[in-house]
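Please read the structure below before turning to the comments.
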Amino acid sequence: MTLILASTSPIRGTLLANAGVAYAAEAPGVDEAALKTGFAGDDAALTVALGEAKAMAVSTRRPDALVIGSDSLVSIEGRRFDKPAGRETAAEHLRFFSGKVMELTSAAVLVERGENVWSHAARARLKVRPLSEEFIDSYLEADWPEVSYCVGVFRLEGPGVQLFESIDGDHFTILGLPLLPLLVALRQRGVLAS
Ligand SMILES: Nc1nc2c(ncn2[C@@H]2O[C@H](COP(=O)(O)OP(=O)(O)OP(=O)(O)O)[C@@H](O)[C@H]2O)c(=O)[nH]1
């Protein structure tokens with residue numbers, strides 16, 4: 001069975017490829033805004049719903065395939081953050097994040113022939129250190145626009161690691177895909193060797 005990743009996220013594809021998982025990527029083409037107003041206070045349910053919507057959109061076009069959908073979001077003190085619209089918005093996000101605990105939730109969903117057959121959401125907590133204006137400027141000078149596609153305005157595998165005092169949670173979940181539970185599901189479905 002063909003495995004499709006319904007995502008435009010570069011890092012999600014890299015994680016699958018590095019894990020040795022054969023897949024094809026396809027943009028989901030889903031209007032996420034309508035869904036993002038729901039699931040107040042339940043980031044796991046929202047990320048699963050968004051991942052499912054992305055996978056469903058591709059599964060409709062590709063009923064022959066097993067489709068992975070995924071989504072990540074950041075919350076701080078109940079306020080949700082999307083990817084920054086521009087560099088100034090990114091700076092505003094970083095000023096707000098400074099000194100606070102960021103909760104990053106990522107979900108993965110498997111859809112087959114238009115049916116959600118598996119889903120998993122995981123949360124990580126990242127303690128952001130106090131960020132000086134000088135740091136915010138130099139950080140964005142170095143890593144913008146690379147972080148423009150990243151919720152939380154960071155690439156943990158890049159300079160983004162400098163934002164944090166401590167991290168509690170799964171590395172892959174933070175990058176955007178709960179990879180280990182997904183690999184279990186793919187083995188259980190015979191897509192990967194056990
Ligand atoms: N490289 C990198 N990307 C991150 C990190 N943290 C979050 N992200 C990315 O932030 C993005 C969150 O936005 P989403 O809406 O879930 O996904 P997207 O990038 O819009 O892609 P779609 O799946 O097509 O919607 C994802 O691409 C995540 O991989 C990180 O530490 N490193």
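Sequential numbering from 1 along the given sequence is applied to the chain's residues. Any value given below was found using the heavy atoms of this structure, including those in side chains, with hydrogens, waters and symmetry copies removed. As the structure is a prediction and not an experimental result, all values here were calculated from the model.
- Side chains of R123 and T105: a donor-acceptor N/O pair is absent below 3.5 angstrom, by distance only.
- Annotation: salt bridge (charged side-chain N to carboxylate O under 4.0 Å, His left out) contacts involving residues 153-178, sequence neighbours excluded, comprise K127-E165, D143-R155.
- The stretch residues 178-194 participates, sequence neighbours left out, in these side chain to side chain donor-acceptor pair (under 3.5 Å) pairs: E112-R189.
- Linking ILVMFWY residues whenever their side-chain heavy atoms come closer than 4.5 Å, directly or via other members, leaves L50 and I174 in distinct clusters.
- Residues T173 and L104 share a closest heavy-atom pair of O-CD2, 3.5 Å.
- Under a hydrophobic clustering in which Ile, Leu, Val, Met, Phe, Trp and Tyr are joined whenever their side-chain heavy atoms come within less than 4.5 Å, directly or via other members, L182 and V48 fall into different clusters.
- Nearest heavy atom pair, residue W118 against residue A108, reads CZ3-O, 3.6 Å.
- Donor-acceptor pairing under 3.5 Å is recorded for the side chains of R12 and S72.
- The two residues L131 and L94 make their nearest non-hydrogen contact at CD1-O, 3.6 Å.
- Contact between D71 and E32 at its shortest, heavy atoms only, is OD1-OE1, 3.5 Å.
- In this pair, F96 and F81 present their aromatic rings tilted. The plane angle is within the 30 to 60° band.
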Verdict with reasoning, L156 to L175, per side chain to side chain contact (heavy atoms under 4.5 Å, CB included): CA-CA 7 Å; L156 188 65; L175 267 58; 3.9 Å; yes

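- A124 and G169 make their closest contact through CB-CA, 3.9 Å (heavy atoms, listed as atom of the first residue, atom of the second, distance).
- Between the OG atom of S70 and the NZ atom of K54 there is a distance of 6.5 Å, given to the nearest 0.5 Å.
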query: What do the steps show when you test V101 against V128 for side chain to side chain contact (heavy atoms under 4.5 Å, CB included), and what is the final call?
result: CA-CA 6 Å; V101 175; V128 182; over 6 Å; no

- prompt: E103 and E77: side chain to side chain contact (heavy atoms under 4.5 Å, CB included), yes or no, with the steps?
  reply: CA-CA 9 Å; E103 294 190 341; E77 298 167 356; over 6 Å; no

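- In this structure, CD1 on I167 lies 5.0 Å from CG on L126, to the nearest 0.5 angstrom.
- Minimum interatomic distance between D82 and K36 (heavy atoms only, all atoms of both residues): OD2-NZ, 2.6 Å.
- Under the ring pair (Phe, Tyr, Trp, His ring centres under 6.0 Å) criterion, F135 pairs with Y139, sequence neighbours left out.
- Between I4 and Y23, the closest side-chain pair of non-hydrogen atoms is not below 4.5 Å.
- Partners of P10 under the side chain to side chain contact (heavy atoms under 4.5 Å, CB included) rule, at least two apart in sequence or in another chain, are Y149.
- V67 places none of its side-chain heavy atoms less than 4.5 Å from the side chain of P28.
- Considering only residues two or more places apart in sequence or on other chains, A91 meets the side chain to side chain contact (heavy atoms under 4.5 Å, CB included) condition with E88, R95, I136, L140.
- Considering only residues two or more places apart in sequence or on other chains, V21 meets the side chain to side chain contact (heavy atoms under 4.5 Å, CB included) condition with L3, L16, A19, L183, L186, L192.
- Of the possible donor and acceptor atoms, none in the side chain of S59 sits under 3.5 Å from a partner among the backbone N and O of A55.
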